[in-house]
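Chain A is the first sequence line, chain B the second, and so forth, proteins listed ahead of strands; every chain is numbered from 1. Below, all heavy atoms of this structure are taken into account, side chains as well, without hydrogens, waters or symmetry copies. This is a predicted model, so every value here is computed, not measured.
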There are 2 protein chains.
Amino acid sequence: MNLKNQVEWALHCCAVLSNLPEGRYLSARSLSEFHGVPKEYLGKALQGLSKAGIVHTTLGPSGGYRLALPAGEITFLNVVEAVEGRKSTFQCSEIRANNPCRPGDFCDDKPCAIARVMWKADEAWRQTLAAVSLADLQQTLQQDLPAEILRRSTEWLLDRAG
Amino acid sequence: MNLKNQVEWALHCCAVLSNLPEGRYLSARSLSEFHGVPKEYLGKALQGLSKAGIVHTTLGPSGGYRLALPAGEITFLNVVEAVEGRKSTFQCSEIRANNPCRPGDFCDDKPCAIARVMWKADEAWRQTLAAVSLADLQQTLQQDLPAEILRRSTEWLLDRAG
DNA sequence: CAATCATGGACATGCCATATCCGGATCGGG
DNA sequence: CCCGATCCGGATATGGCATGTCCATGATTG
Ligand code: SF4
Ligand code: SF4
């Protein structure tokens with residue numbers, strides 16, 4: 001699984017949404033302007049989040065997106081899988097079936113040792129992402145970012161939140 | 001990082017080479033026939049293993065490939081990185097620089113919280129792969145595969161080893 | 001010298017991430 | 001009740017990259 005830009009964008013959007021006051025919505029237009037990415041394309045990623053139940057949307061003027069759950073209950077893994085799907089990094093093309101020494105009617109009962117190791121690594125990757133929530137991210141960002149930028153960003157966003 | 005077929009092929013080739021008797025070589029032609037993949041293309045993956053020092057090669061008739069190290073000292077991670085390179089699954093395109101509220105001369109001193117989480121997950125993935133050696137794989141395969149197939153495969157391979 | 005082999009570059013092809021556009025449905029405000 | 005803003009989904013280009021093929025070169029064996 002090759003993580004595309006959509007994932008980076010989605011994570012940034014969630015970070016922004018997670019410090020929006022309760023009940024306010026932010027439009028795709030504002031989110032795209034804030035991050036400097038094309039609005040139409042960002043919409044695709046947001047649709048993924050919407051279908052996964054991570055964000056809630058409303059239509060019409062002053063519509064947009066907000067988190068559908070408390071920030072503490074949304075993990076990085078949720079966001080990544082909502083945008084990327086759940087394909088594993090390793091895809092087996094069953095080349096063992098080409099072994100000229102195998103009887104043609106032989107049927108493998110389980111995935112081979114190679115695939116099992118690769119999938120175990122994927123599982124470790126997922127567990128790491130599942131251990132971090134948007135609330136954790138928010139807390140880290142508060143410490144990382146200079147207060148000045150944080151203040152001006154919040155102001156900028158509230159100005160556009162419907 | 002999206003794992004391509006080359007990785008699957010390389011791992012299978014290493015598995016085969018790791019139960020080849022000491023000092024024998026197996027040509028790319030034989031390896032490609034055994035796995036049912038195009039010879040020229042498989043060669044690319046094997047060249048990666050060669051440049052990484054995982055396999056040793058000789059030219060001329062009866063030439064080919066053998067492991068350059070004991071099977072216990074070659075990990076899955078070594079093979080994967082030899083073929084795929086060491087790019088991480090998550091690539092940051094620095095969209096935080098587009099934030100309209102940031103002063104233009106502001107310079108970030110460290111990667112942001114989002115990237116740090118993603119890279120930590122990559123690290124967990126790598127550690128899992130680094131924990132399994134080709135010797136471990138060989139042992140598992142001996143238990144998994146029916147003895148009949150194992151015997152005929154070994155025979156097939158020794159027949160072609162130079 | 002002839003056959004076999006690894007190496008590496010050039011090239012064709014097909015798929016997929018990226019990006020754009022538009023029509024439809026829904027809602028808020030006048 | 002109408003208008004404009006917004007989300008949603010499908011259709012469609014486009015560029016890059018993985019896949020796959022071909023060939024020239026140099027090295028080795030017999
Ligand atoms: S041995 Fe594993 S990786 Fe190879 S074809 Fe079988 S299941 Fe796939
Ligand atoms: S916040 Fe993280 S992921 Fe986003 S642009 Fe900055 S370093 Fe990249």
Side-chain angles (χ1 to χ4, degrees), chain A residues 1-10 13 17 23-33 35-66 68 80 82-85 87 89-91 93 95 160-162, chain B residues 1-10 13 17 23-33 35-66 68 80 82-85 87 89-91 93 95 160-162:
Chain A
M1 165 169 37
N2 139 6
L3 292 202
K4 306 141 211 167
N5 280 347
Q6 303 258 13
V7 174
E8 183 183 2
W9 300 354
C13 287
L17 293 178
R24 309 286 291 277
Y25 289 82
L26 202 54
S27 72
R29 164 191 300 278
S30 300
L31 284 170
S32 72
E33 282 177 7
H35 293 121
V37 300
K39 163 181 166 287
E40 316 273 353
Y41 194 27
L42 176 63
K44 304 295 181 182
L46 294 173
Q47 285 174 35
L49 295 179
S50 172
K51 272 193 290 190
I54 293 177
V55 299
H56 181 254
T57 71
T58 52
L59 297 179
S62 81
Y65 299 86
R66 66 165 170 83
V80 169
V83 176
E84 280 287 319
K87 43 191 173 179
T89 61
F90 182 79
Q91 309 214 32
S93 58
I95 66 173
R160 288 161 178 77
Chain B
M1 165 171 36
N2 145 2
L3 291 203
K4 305 142 212 168
N5 281 347
Q6 302 258 13
V7 174
E8 183 184 2
W9 300 355
C13 287
L17 291 178
R24 308 286 292 274
Y25 288 83
L26 203 55
S27 72
R29 164 192 298 279
S30 300
L31 283 170
S32 73
E33 283 178 5
H35 294 121
V37 299
K39 164 180 166 284
E40 317 272 354
Y41 195 27
L42 177 63
K44 307 290 183 187
L46 295 172
Q47 285 174 35
L49 295 179
S50 173
K51 271 193 289 192
I54 294 177
V55 299
H56 181 255
T57 70
T58 52
L59 297 180
S62 82
Y65 298 85
R66 68 166 169 81
V80 169
V83 176
E84 280 287 319
K87 43 192 173 181
T89 62
F90 181 79
Q91 309 215 32
S93 58
I95 66 173
R160 286 161 179 80

- Rounded to whole Å, the CD-C1' distance (B:Q6 to D:dA18) equals 9 Å
- Message: Does the protein touch nucleotides 21-30 of chain C at the base, only the backbone, or not at all? Give it as B, S and - per nucleotide, heavy atoms under 4.0 Å.
- Response: BB---BBS--
- OP1, OP2 of C:dT4 versus side-chain N and O of B:R29: anything below 4.0 Å? no
- Note on the structure: Whole-Å distance, B:R24 CZ to D:dT29 C1', equals 16 Å
- Message: If I take atom OH from residue B:Y65 and atom CG from residue B:L26, how far apart are they, to the nearest 0.5 angstrom?
- Response: 10.5 Å
- Does B:Y65 make a side-chain N or O approach to OP1 or OP2 of C:dT7 shorter than 4.0 Å? yes
- Can you name the closest pair of heavy atoms from B:E84 and B:V7 and give their distance? CG-CG2, 3.3 Å
- Specify the separation, in whole Å, of atom CG of B:L46 and atom P of C:dT7. 8 Å
- Roughly, in whole Å, what's the span from OH in B:Y25 to P in D:dA27? 18 Å
- Message: Nearest whole Å is fine: how far is C:dC16 C1' from A:E84 CD?
- Response: 12 Å
- Spacing of B:Y41 atom OH relative to C:dG8 atom P, expressed in whole Å: 16 Å
- Query: Among D:dC7, C:dT18, D:dT19, which nucleotide sits nearest the side chain of B:N5?
  - Reply: D:dT19
Identify every side-chain donor-acceptor pair in residues 35-55 of chain B under 3.5 Å, counting partners at least two apart or on other chains, and give the distances.
residue, atom, partner, partner atom, Å
B:H35, ND1, B:L31, O, 3.1
B:Y41, OH, B:Q6, NE2, 3.2

- Where A:R24 and A:A161 come nearest, the two heavy atoms and their spacing: NH2-O, 3.4 Å
- Just jot down the side chain to side chain contact (heavy atoms under 4.5 Å, CB included) partners of B:T58, sequence neighbours excluded, or say none. B:Y25, B:H56
- Task: For A:G64, report the nucleic acid contact type (base, sugar-phosphate, nothing); a contact means any heavy atom under 4.0 Å.
- Result: sugar-phosphate
- For A:S32, the side chain to side chain donor-acceptor pair (under 3.5 Å) test, sequence neighbours excluded, returns none
- Nucleotide C:dA17, atom C1' - distance to CZ of B:F90 in whole Å: 16 Å
- A:Q91 CD to D:dA18 P, in whole Å, measures 14 Å
- Message: As an exercise, state the distance from CG of A:L17 to CZ of A:R66, rounded to the nearest 0.5 Å.
- Response: 10.5 Å
- Query: In chain order, what residues pass the side chain to side chain donor-acceptor pair (under 3.5 Å) check against A:S93, with sequence neighbours excluded?
  - Reply: B:E8
- Message: Does anything in residues 47-54 of chain B come within less than 4.0 Å of DNA chain D? Heavy atoms only, and list the residues if so.
- Response: none
